[in-house]
Structures are given as structure tokens and as C-alpha cells.
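Following: one structure in C-alpha cells, then a few remarks.
When reading the values below, keep in mind they use all heavy atoms of this one structure, side chains included, and skip hydrogens, waters and symmetry mates.
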Amino acid sequence: IFSFLDIVTLCRCAQISKAWNILALDGSNWQRIDLFNFQTDVEGRVVENISKRCGGFLRKLSLRGCIGVGDSSLKTFAQNCRNIEHLNLNGCTKITDSTCYSLSRFCSKLKHLDLTSCVSITNSSLKGISEGCRNLEYLNLSWCDQITKDGIEALVRGCRGLKALLLRGCTQLEDEALKHIQNYCHELVSLNLQSCSRVTDEGVVHICRGCHRLQALCLSGCSHLTDASLTALALNCPRLHHYLFLPCTSHPRILEAARCSHLTDAGFTLLARNCHDLEKMDLEECVLITDSTLIQLSVHCPKLQALSLSHCELITDDGILHLSNSTCGHERLRVLELDNCLLITDVALEHLENCRGLERLELYDCQQVTRAGIKRMRVSGGHASPGAFEANGEHAKSQRPLPTFDPQPVFCRLAG
């Protein structure tokens with residue numbers, strides 16, 4: 001029974017009696033611990049005490065946001081919890097390379113390591129991890145901006161089973177780092193290069209040629225990319241299921257490339273014709289694409305469930321017509337974002353009445369869409385609740401929700 005209880009409940013049970021204290025605090029009940037909700041109170045001694053209590057039973061520990069935890073306590077943790085497989089140190093800004101040395105020395109079974117925003121981490125950490133944590137499958141180094149190609153080379157030479165590598169904000173990385181990934185990470189499924197602004201088409205080509213299992217790729221903020229990158233993806237990565245162009249979030253099977261303003265219809269045409277299993281695309285701020293891209297998606301991507309065209313100002317009602325009359329429009333489309341598509345009118349809303357599964361529609365700052373058009377769509381569709389709008393004078397406004405597939409009503413928002 002105790003093994004099914006959460007941390008708070010176990011602690012309460014431990015206060016009932018001496019017998020219950022022994023049962024509740026038995027290490028076998030503490031195999032998975034998440035201290036995020038207590039982050040402001042967690043200091044090094046707390047981690048040390050947990051490690052002594054749990055010992056080899058502990059498999060998963062999250063210290064996300066625990067800024068009071070440093071190298072010394074994590075060394076004790078590594079020594080005591082040698083069977084740890086999943087460790088989240090996101091936001092533990094006090095830790096340095098010393099912590100990675102400890103993990104390398106004592107935690108050979110580690111498979112999942114999150115070092116997001118651990119800004120003191122350097123290439124030395126990656127060298128240590130590659131030597132002692134060869135079973136690593138997931139590594140998040142986002143915003144560790146001291147990492148360079150040398151660190152990546154050391155890492156991938158030792159951790160050849162990596163399936164997910166997140167490098168958001170590692171601004172010193174260049175195409176040569178991606179060449180190392182090409183050479184050694186043949187099992188890679190997910191790669192995040194958001195805001196790695198030095199990456200060019202050459203680097204993307206390297207990844208595509210060596211990582212044929214790739215299903216998720218984030219290139220948001222890689223502003224030098226052109227259709228050559230899309231061509232490489234289309235010809236080498238047919239497993240791509242999700243194609244996004246937004247600031248990156250961790251999500252399986254995603255390709256993100258927000259603010260890649262050089263991408264055109266030609267590149268997306270080739271991509272659509274070769275990647276028929278695409279389910280999620282976010283083309284926000286791909287300002288050169290036109291209705292031609294929507295026509296290709298309508299014909300070749302029948303599984304499309306979510307599509308963002310925000311700030312794609314060349315999209316018109318005709319493109320929405322093709323989308324709404326397609327297989328994905330009739331059967332699959334659940335989320336459509338058209339914010340700041342200035343050529344979209346009420347006619348597009350009439351076309352979208354064919355998309356019976358649509359759960360969220362965003363129309364922020366679509367100047368030619370009227371409240372009357374929205375009302376007609378709601379009445380005819382019958383799947384929007386009365387609370388789907390937050391009115392503010394003549395227009396509706398709200399804070400942009402995170403992309404999700406959770407059931408919710410059609411949500412139309414407009415602004416002048």
C-alpha cells in the first residue's frame with residue numbers, strides 16, 4: 001500500500017506511529033521522487049538525507065528548480081543512489097562540472113539527464129558523462145551556453161545510444177558539431193537546436209544524412225536556413241510526423257523552425273510529398289509561403305491534426321478552402337492558428353464549417369474577420385460553448401494558449 005503513496009502522504013503516515021514511520025520511510029517506497037513543488041525549501045542536506053534513506057532503491061529524482069542544491073550534496077547523492085536512471089537538475093544553477101564528474105563515476109545506469117540552465121556546465125562535463133554514463137538515452141543541455149563542438153564530439157563518441165539531445169540556446173554550436181552527431185548518433189530520434197543561430201543548411205544536411213530515425217527536430221531561430229534544409233529533410237527523414245515552426249517545446253516527433261523566413265513553397269512542397277505522416281505543423285512567421293503550401297499539405301498529408309499559419313500574411317481564403325475540403329480537414333484537423341493572416345475573411349470561416357473535428361481556431365488580429373462571421377460559424381458548427389469567447393468591446397482577446405490536443409471548444413479570438 002505504501003508504495004502507491006506520494007511524498008506528502010508518506011511523510012504524514014510516518015508521523016502516526018513508530019511502526020508506521022518505519023514502514024513509510026522504507027527506501028523501497030521512495031523509488032520515484034519529485035521535489036519541484038518544494039523547490040524553495042530544498043537544500044543540499046535534504047538531498048543527502050533522501051539519498052541515504054533511499055539508497056539503491058531510487059530510480060527517478062527530479063530536483064527541477066531547486067536552486068539551493070549544489071555539487072557537494074549531489075556527490076553524496078551519486079555515491080548513495082547508484083541505480084538512478086532518471087535525474088532532472090533543470091534550473092539547479094549552483095551545480096558545476098563537479099556534479100557531472102560524480103554522476104560519471106557512480107551512476108553508470110543513468111539514462112535520462114536534464115541539465116537545463118545549469119550555466120556553469122562546460123565541455124568537461126560532457127567528457128565525463130561520455131566516459132561513465134554510456135547508457136544515456138536522453139540529455140538536455142538547453143541554455144548551457146559554454147558548450148562547444150568539442151564537448152559535443154566527446155559526448156557522442158561515448159554515448160552512441162542517445163535518442164534525444166536538446167541543445168536549445170547553446171549559441172556556440174556550429175555545423176561541425178552536427179557533423180559529429182551525424183557520425184555517432186544513428187539512434188537519434190529527437191534533436192533540439194533552438195536559437196543555435198550559427199547552424200546553417202550544411203549542418204542540417206549532416207543531421208539528415210546520419211540520423212535517419214529522426215522524428216523530432218527543432219530549428220527555431222536558425223535564421224540562416226533555406227529550402228535546402230527542407231529538401232534534405234524530405235529526402236532523408238521520412239519518419240517525421242510533426243513539423244512545427246514555433247519557439248520549441250519538448251514534444252515527441254516535432255520539427256520546429258520559427259523565424260526561418262527564407263523557407264518557401266518549393267521547400268514545403270517537397271517535404272509534403274515525401275513526409276505523408278505529418279500530424280502537426282507550425283509554420284508561424286514563414287512569411288514567404290502562400291496557398292500553394294496549403295494545397296500540397298491538403299493533398300499529401302491526410303493525418304494533419306494541428307496547423308499554425310500565424311503571421312503568414314500571404315495565405316488567403318482559397319488556401320483554407322483546399323485545406324477544409326481535404327481528408328485531414330474532414331477527419332483529422334483539430335487545431336488551426338491563423339493569427340495575423342490579414343487576407344483571411346469570413347469566407348474562410350464558411351469553408352472551415354467542413355472541419356467538424358476542429359477544437360481550436362485562433363484568429364487574433366485578422367482584420368477582415370467579423371464578429372458576425374464568427375457567430376455564424378458557431379451557430380452552424382454547434383461545437384463551441386457559450387464561454388468560448390472573452391469579449392472586450394467589439395473584439396475578443398485572450399492570452400495565447402499552449403498548443404495542445406486536449407479536448408476544448410472552438411476558440412476564435414480577434415483584435416483590432
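Under the rule for a side-chain hydrogen bond (donor to acceptor under 3.5 Å, both in side chains), Thr171 has no partner lying at least two apart in sequence or in another chain. Among residues two or more places apart in sequence or in another chain, the side-chain hydrogen bond (donor to acceptor under 3.5 Å, both in side chains) test is passed with Asp145 by none. In this structure, Ser104 has no side-chain hydrogen bond (donor to acceptor under 3.5 Å, both in side chains) partners at least two apart in sequence or on a different chain. In terms of the side-chain hydrogen bond (donor to acceptor under 3.5 Å, both in side chains) criterion, residue partners of Thr293 (sequence neighbours excluded) are, by chain and number, Asp265. Remark: Arg160 pairs with no residue by the salt bridge (Lys or Arg N to Asp or Glu O under 4.0 Å) rule, at least two apart or across chains.
A salt bridge does not link Lys179 to Glu202: none of the charged side-chain nitrogens sits closer than 4.0 Å to a carboxylate oxygen. Using a cut-off of 4.0 Å between Lys/Arg side-chain N and Asp/Glu carboxylate O, Arg198 and Glu174 are scored as salt-bridged. Remark: Lys109 does not engage Glu85 in a salt bridge, criterion side-chain N to carboxylate O under 4.0 Å. Taking the charged nitrogens against the carboxylate oxygens, Glu153 and Lys149 have no contact shorter than 4.0 Å, which rules out a salt bridge.
The closest donor-acceptor contact from the side chain of Ser298 to the backbone of His322 lies under 3.5 Å. With hydrogens and angles ignored, the 3.5 Å screen pairs no side-chain donor or acceptor of Asn49 with any backbone N or O of Val46. Looking at His212, its side chain does come within 3.5 Å of a backbone N or O of Asn236 through a donor-acceptor pair. With Asp71 contributing its side chain and Ile95 its backbone, the two residues share no donor-acceptor pair below 3.5 Å. Checked by atom type and distance alone, the side chain of Asn140 never pairs as donor or acceptor with a backbone atom of Leu115 at under 3.5 Å. Of the possible polar contacts, none joining the Glu43 side chain to the Val69 backbone as a donor-acceptor pair under 3.5 Å is found. Under the 3.5 Å distance criterion, the side-chain polar atoms of Asp114 are left unmatched by any main-chain donor or acceptor of Leu87. Under the 3.5 Å distance criterion, the side-chain polar atoms of Asp201 are matched with a main-chain donor or acceptor of Thr226. At distances below 3.5 Å, at least one donor-acceptor pair connects side-chain atoms of His186 with backbone N or O atoms of Gly210. No donor-acceptor pair closer than 3.5 Å links the side chain of Gln215 to the backbone N or O of Ser190.
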Given the rule in the side chain to side chain donor-acceptor pair (under 3.5 Å) test, do Asn123 and Thr148 qualify, once you have shown the distances and angles that lead to the verdict? CA-CA 7 Å; Asn123 292 336; Thr148 70; 2.8 Å; yes
Set out, in order, the CA-CA distance, both residues' side-chain angles and the distance that settles side chain to side chain donor-acceptor pair (under 3.5 Å) for Glu337 and Ser308, then state yes or no. CA-CA 4 Å; Glu337 299 175 2; Ser308 175; 3.0 Å; yes
Evaluate the side chain to side chain donor-acceptor pair (under 3.5 Å) criterion for residues Asp365 and Gln367: first the C-alpha distance (whole Å), next the side-chain angles of each, then the deciding distance (0.1 Å), finally the verdict. CA-CA 6 Å; Asp365 209 21; Gln367 305 285 354; 2.7 Å; yes
Would Asn83 and Phe57 satisfy side chain to side chain contact (heavy atoms under 4.5 Å, CB included), going step by step from the backbone distance to the final call? CA-CA 7 Å; Asn83 291 323; Phe57 288 108; over 6 Å; no
Go through it in stages, so that I can follow the logic: the residues are Leu126 and Ile147, the test is side chain to side chain contact (heavy atoms under 4.5 Å, CB included), and I'd like the CA-CA distance, side-chain angles, deciding distance and then a yes or no. CA-CA 9 Å; Leu126 302 192; Ile147 300 300; 3.8 Å; yes
CA sep, side-chain torsions, deciding dist, call: Ile289, Thr264, side chain to side chain contact (heavy atoms under 4.5 Å, CB included): CA-CA 5 Å; Ile289 67 170; Thr264 72; 5.8 Å; no
Chi angles and distances behind the salt bridge (charged side-chain N to carboxylate O under 4.0 Å, His left out) call for Glu359, Arg334: CA-CA 5 Å; Glu359 295 172 359; Arg334 298 169 67 181; 3.3 Å; yes
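With rounding to the nearest 0.5 angstrom, the CG atom of Asp339 is 7.5 Å from the CG atom of Leu363. Between atom CD1 of residue Ile67 and atom OG of residue Ser117 there is a gap of 12.0 Å, rounded to the nearest 0.5 Å. The CG atom of Leu297 sits 7.0 Å away from atom CG of Leu283, with the distance rounded to the nearest 0.5 Å. Separating the CG atom in Asn80 from the CG atom in Leu58 is a distance of 10.5 Å, to the nearest 0.5 Å. Taking SG from Cys81 and NZ from Lys60, the interatomic distance works out to 15.5 Å, rounded to the nearest 0.5 Å.
Within the structure, ring-ring contact (aromatic ring centres under 6.0 Å, His included) contacts touching residues 71-121 (residues at least two apart or in different chains) are His86-His112, His112-Tyr138.
In the displayed structure, Arg105 atom CZ is contacted under 6.0 Å by at most 12 heavy atoms of other residues, nucleotides or ligands. The local environment of CZ in Arg209 is sparse, with at most 12 non-hydrogen atoms from other residues, nucleotides or ligands closer than 6.0 Å.
For the residue pair Ala78 and Ser102, the shortest heavy atom distance occurs at CB-O, 3.8 Å. Of all heavy-atom pairs spanning Leu349 and Ile374, the tightest one is CD1-CD1, 3.6 Å. Cys286 approaches Cys312 most closely through the heavy-atom pair O-SG, 3.7 Å. For the residue pair Cys366 and Cys341, the shortest heavy atom distance occurs at SG-O, 3.8 Å. For the pair Asn274 and Leu235, the tightest heavy-atom approach, listed with the atom from each and the gap, is OD1-CD2, 4.4 Å.
Considering Ile33, Leu89, Asp34 as possible partners of Leu63, the one that fulfils the side chain to side chain contact (heavy atoms under 4.5 Å, CB included) test is Leu89. With respect to Cys218, the side chain to side chain contact (heavy atoms under 4.5 Å, CB included) criterion is satisfied by exactly one of Asn192, Leu167, Leu193, Leu191: Asn192. Under the side chain to side chain contact (heavy atoms under 4.5 Å, CB included) rule, Gln146 has a single partner from Leu141, Thr122, Val119, Asp97, which is Thr122.
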